[in-house]
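Since we're looking at a predicted model, the values are computed, not measured.
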Amino acid sequence: MDTQDDFNFGTATGAEELQQGQSDATLLKQATVNEKVAPELLDYDAPLVASIEAQVEHQEGVIADYRDNPQMELPRLMYSYELKRVRYLLQAYHRTRLSKIEKFILHILEKEEVLNRLSEKEKTYAQEYFMLFGRHQKETILNLMPDGFRDIAKQSAGSVRGDMIPVPDQDKHVFCRVLADRGYVEMNNAGTETAEFSKDDLYVARFDPIQTLLKEGWVHLI
């Protein structure tokens, strides 16, 4: 049995062209960094997570098969350490997303486009968290407030709905690395400011103008 091929966590399939040749573990690490740095909730990478989970299950079987073979003790330990590392990355990815879901729960549930970025399990979690969060707010704060100040989404009856809903700061500055020559990119809505994105360049910029580049795989956040 070729031990080196047994535990490489695959080469990414179905990834953006710019990411071909990278292992799933490497892509998961970058996805976690992107999620941590981006101010808004990004799209859930279901194919990558499913691939990682399938490979983790497979390698658990490989490790179990090596347990009774003294000659494979060293490879078994190496595989076990690598498995722990990948599990940690997977947990970090999910923890980061759940933290954002909790922080922006009202914004997420109110915007269908944002809600569609969640996995089915995340949607279930968001709904259950919102029910608990809303109940807690009412029992501890809102029910004690005067009439007209009991709406969880606005300050008072005369306020614009949503003025109490936390939203991601699209103008937050982030660092990014360019993965391939992209040419000139508009850096503001007026089109009066542009920047040339060349491979391996590092930029610090507002998140808003580069979010599409991130989604399309032209840049990574760092």
Side-chain angles (χ1 to χ4, degrees), residues 15-16 18-19 22 26-46 48-49 88-119 121-123 125-127 129-130 133-134 137 151-155 159-222:
E16 296 291 341
L18 299 176
Q19 297 176 336
Q22 298 186 53
T26 299
L27 293 177
L28 178 61
K29 181 178 180 180
Q30 186 58 57
T32 302
V33 173
N34 289 344
E35 197 68 66
K36 286 184 177 181
V37 176
E40 68 174 5
L41 188 70
L42 305 178
D43 290 327
Y44 182 73
D45 198 335
L48 176 59
V49 171
Y88 173 82
L89 288 174
L90 194 59
Q91 292 169 359
Y93 178 68
H94 285 118
R95 281 197 304 267
T96 302
R97 290 183 59 82
L98 291 179
S99 177
K100 281 186 176 180
I101 290 173
E102 293 176 1
K103 182 177 181 179
F104 301 117
I105 184 64
L106 296 176
H107 170 71
I108 291 171
L109 295 179
E110 200 170 65
K111 303 289 185 181
E112 183 177 359
E113 185 271 330
V114 181
L115 183 61
N116 288 335
R117 299 175 190 171
L118 278 62
S119 68
K121 289 183 178 179
E122 288 176 338
K123 289 179 181 178
Y125 177 83
Q127 294 287 351
Y129 177 80
F130 174 71
F133 173 76
Q137 291 292 313
D151 194 318
I152 197 173
K154 60 181 182 179
Q155 294 188 48
S159 301
V160 178
R161 177 170 177 79
D163 63 353
M164 288 289 287
I165 297 178
V167 296
D169 181 8
Q170 297 292 96
D171 289 328
K172 174 186 176 183
H173 282 74
V174 297
F175 288 89
C176 67
R177 181 189 301 276
V178 183
L179 303 180
D181 293 341
R182 180 62 174 78
Y184 285 92
V185 175
E186 293 185 358
M187 303 304 290
N188 59 12
N189 294 331
T192 58
E193 181 182 349
T194 61
E196 184 177 9
F197 277 48
S198 301
K199 184 178 180 181
D200 294 329
D201 281 351
L202 299 179
Y203 284 92
V204 56
R206 293 185 306 111
F207 180 74
D208 185 58
I210 68 167
Q211 59 179 325
T212 300
L213 300 180
L214 176 63
K215 184 173 183 178
E216 294 176 351
W218 289 100
V219 300
H220 280 166
L221 301 183
I222 57 177

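Of all non-hydrogen atoms in A126 and L118, the two that sit nearest each other are CB-CD2, 4.1 Å.
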- Task: Could you give me the CA-CA distance, side-chain angles and deciding distance for F104 and E110, then say whether side chain to side chain contact (heavy atoms under 4.5 Å, CB included) is met?
- Result: CA-CA 10 Å; F104 301 117; E110 200 170 65; over 6 Å; no
- Message: Go through it in stages, so that I can follow the logic: the residues are L109 and V114, the test is side chain to side chain contact (heavy atoms under 4.5 Å, CB included), and I'd like the CA-CA distance, side-chain angles, deciding distance and then a yes or no.
- Response: CA-CA 8 Å; L109 295 179; V114 181; over 6 Å; no
- Message: Apply side chain to side chain contact (heavy atoms under 4.5 Å, CB included) to residues I108 and F130 and explain how you reach the verdict.
- Response: CA-CA 10 Å; I108 291 171; F130 174 71; over 6 Å; no
- Y93 and Y88: CA distance, side-chain angles, deciding distance, side chain to side chain contact (heavy atoms under 4.5 Å, CB included) verdict: CA-CA 9 Å; Y93 178 68; Y88 173 82; over 6 Å; no
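Under the 4.5 Å side-chain criterion, counting only non-hydrogen atoms from C-beta, V49 is in contact with Y44. A heavy-atom distance below 4.5 Å is found between the side chains of E35 and L41. Here the side chains of T194 and N188 are not in contact, with every heavy-atom distance at 4.5 Å or above.
When each of T32, N34, T26 is checked for a side-chain hydrogen bond (donor to acceptor under 3.5 Å, both in side chains) with Q30, only N34 meets the rule.
For D208, the salt bridge (charged side-chain N to carboxylate O under 4.0 Å, His left out) test picks out no residue, with sequence neighbours left out. For E102, the side chain to side chain donor-acceptor pair (under 3.5 Å) partners two or more places apart in sequence, or in a different chain, are Y125. In this structure D200 satisfies the salt bridge (charged side-chain N to carboxylate O under 4.0 Å, His left out) test with no other residue, sequence neighbours excluded. Checked against ring pair (Phe, Tyr, Trp, His ring centres under 6.0 Å), Y203 has the following partners two or more places apart in sequence or in another chain: F197. The salt bridge (charged side-chain N to carboxylate O under 4.0 Å, His left out) check on R117 picks up E40, E113, with sequence neighbours excluded.
K111 contributes atom NZ, which lies 13.5 Å from atom CG of N116 (distance to the nearest 0.5 angstrom). Note that CG of L89 and CG of L27 are 11.5 Å apart. Values are rounded to the nearest 0.5 Å. With rounding to the nearest 0.5 angstrom, the NE2 atom of H94 is 9.5 Å from the CD1 atom of I101. The CG atom of L115 sits 5.0 Å away from the NZ atom of K123 when rounded to the nearest 0.5 Å.
Judged by distance alone, with hydrogens and angles left aside, the side-chain atoms of S119 form a donor-acceptor pair with the main-chain N or O of E122 at under 3.5 Å. A distance-only check finds a donor-acceptor pair linking the side chain of R97 to the backbone of L42 [under 3.5 Å]. Counting only distance, with no hydrogens or angles, the side chain of T96 and the backbone of A92 share a donor-acceptor pair below 3.5 Å.
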Residues 167-181, side-chain donor-acceptor partners within the protein, below 3.5 Å, at least two apart:
from : atom 1 : to   : atom 2 : distance (Å)
D169 : OD1    : D171 : N      : 3.0
Q170 : NE2    : Q211 : OE1    : 3.3
D171 : OD1    : R206 : NH1    : 2.6
K172 : NZ     : V37  : O      : 3.3
D181 : OD1    : K199 : N      : 2.8

